[in-house]
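We count ligands from 1, going down the list as the structure has it; atoms in each ligand are counted the same way.
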Amino acid sequence: MELIQVKGLKKSFQDTDVLTNVSFSVNKGDVIAVIGPSGAGKSTMLRCLINLEQVDGGTITVEGETLVGDGTYSEHVKVKNITSKMGMVFQSFNLFPHLSVRKNLTMPFMQVKGASKEDADRLAESLIGKVGLSGKMDTMPSTLSGGQKQRVAIARALMLNPDIMLFDEPTSALDPQLTAEVLNVMKQLAADHMTMLVVTHEMSFARDVANKILFMCDGEIAEEGTPEEVFRHPKDRRTAEFFGTSSGNRA
Ligand SMILES: Nc1ncnc2c1ncn2[C@@H]1O[C@H](COP(=O)(O)OP(=O)(O)OP(=O)(O)O)[C@@H](O)[C@H]1O
Ligand SMILES: [Mg+2]
């Protein structure tokens with residue numbers, strides 16, 4: 001079942017064309033790694049999906065509902081409803097620094113879902129356990145390591161019960177050990193059949209966990225395929241050059 005379909009997405013900032021023609025689809029249960037050089041438009045593409053940026057053209061449908069059709073946005077309520085099906089995790093964690101872990105998780109949940117404090121606490125405890133941070137509920141984000149902050153950010157996104165999780169380089173601010181902690185949580189999510197679209201430079205995660213790779217370059221998806229196809233037998237010259245030149249990362 002197709003959860004996201006993107007067709008002909010276009011986005012410019014002033015006179016820079018960042019997304020020129022982005023098309024791809026995400027099926028239920030897919031773990032898709034989005035790889036590509038700096039400035040390719042990977043973050044912009046994710047931000048357009050959850051309406052943090054507005055596209056200039058193209059179509060985005062989520063679970064069959066039109067977020068934007070041929071450059072025209074659906075009404076506000078519908079856009080909000082559609083974007084609420086997606087959770088996002090950012091490179092820089094984006095926790096509320098003045099709120100405890102508990103409140104980081106429960107406040108958005110209570111506000112968005114109108115849930116009781118008891119229900120919010122119960123779910124938060126369970127998700128914080130799932131990311132391996134039981135016992136950290138009443139600490140402040142500033143006392144956590146980067147990897148712990150990122151795992152709180154993942155738990156916070158999961159509170160809203162998304163059908164799709166979007167990740168924008170979730171480990172690139174972390175050292176290798178903390179990266180591994182976060183990747184383990186993401187692997188567990190994948191094993192639980194969460195649908196995930198992950199912008200990453202972690203080639204081993206892309207190779208071992210993703211079922212599909214999107215190689216993004218020059219504002220478009222230059223190539224897509226299985227990890228084997230894209231890493232071992234790239235068809236597009238730009239893909240081959242990218243993996244050929246970044247030999248340290250080679251899968
Ligand atoms: N708000 C903005 N205003 C102007 N230009 C922007 C804005 N956001 C992104 N850009 C430009 O769009 C281009 C693509 O940026 P984007 O952050 O999407 O790339 P990326 O593929 O995520 O790169 P990286 O791997 O470095 O994160 C860059 O040239 C960037 O400078
Ligand atoms: Mg980026």
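- Scanning all protein heavy atoms for the shortest distance to atom 27 (O) of ligand 1 gives E169 OE2, 3.5 Å.
- Put simply, the side chain of D168 never gets that close to the backbone of Q91: no donor and acceptor are under 3.5 Å apart.
- Heavy-atom contacts from other residues, nucleotides or ligands closer than 6.0 Å to NZ of K85 number more than 12.
- A pairwise comparison of heavy atoms in M203 and F242 identifies CE-CE2, 4.2 Å as the closest pair.
- L49 approaches L67 most closely through the heavy-atom pair O-CD2, 3.6 Å.
- For G39, the heavy-atom gap to ligand 1 drops under 4.0 angstrom.
- Checking K42, Q14, K11, M45 against atom 25 (O) of ligand 1, the nearest heavy atom belongs to K42.
- Taken together through direct or relayed side-chain contacts under 4.5 Å among Ile, Leu, Val, Met, Phe, Trp and Tyr, V209 and V182 form part of one hydrophobic cluster.
- Around atom NZ of K80, no more than 12 heavy atoms belonging to other residues, nucleotides or ligands sit under 6.0 Å away.
- The nearest protein heavy atom to atom 18 (O) of ligand 1 is closer than 4.0 Å.
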Practice task
Could you go through the side chain to side chain donor-acceptor pair (under 3.5 Å) check for D70 and T72 one step at a time?
Solution key: CA-CA 6 Å; D70 224 353; T72 305; over 6 Å; no
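- Among all protein heavy atoms, the one lying closest to atom 6 (C) of ligand 1 is F13 CD1, 3.2 Å.
- Linking Ile, Leu, Val, Met, Phe, Trp and Tyr whenever their side-chain heavy atoms come within less than 4.5 Å puts L19 and L46 in one cluster.
- Protein heavy atoms are absent from the 4.0 Å sphere centred on atom 30 (C) of ligand 1.
- Between T44 and ligand 1, at least one pair of N/O atoms sits closer than 3.5 Å.
- Taking distances strictly below 2.8 Å, the protein N/O/S atoms close to the Mg ion (ligand 2) are S43 OG.
- In this structure, the protein non-hydrogen atom closest to atom 26 (O) of ligand 1 is S38 OG, 2.6 Å.
- In terms of protein heavy-atom proximity, atom 12 (O) of ligand 1 is nearest to V18 CG2, 3.1 Å.
- Considering backbone and side-chain N/O of G41, one or more are found under 3.5 Å from N/O of ligand 1.
- When every heavy atom of I50 is checked against every heavy atom of M86, the shortest pair comes out as CG2-CB, 3.9 Å.
- For F167, the ring pair (Phe, Tyr, Trp, His ring centres under 6.0 Å) criterion is met by no residue, not counting sequence neighbours.
- Going from atom OG1 of T20 over to atom CG of D56 covers 12.0 Å, rounded to the nearest 0.5 Å.
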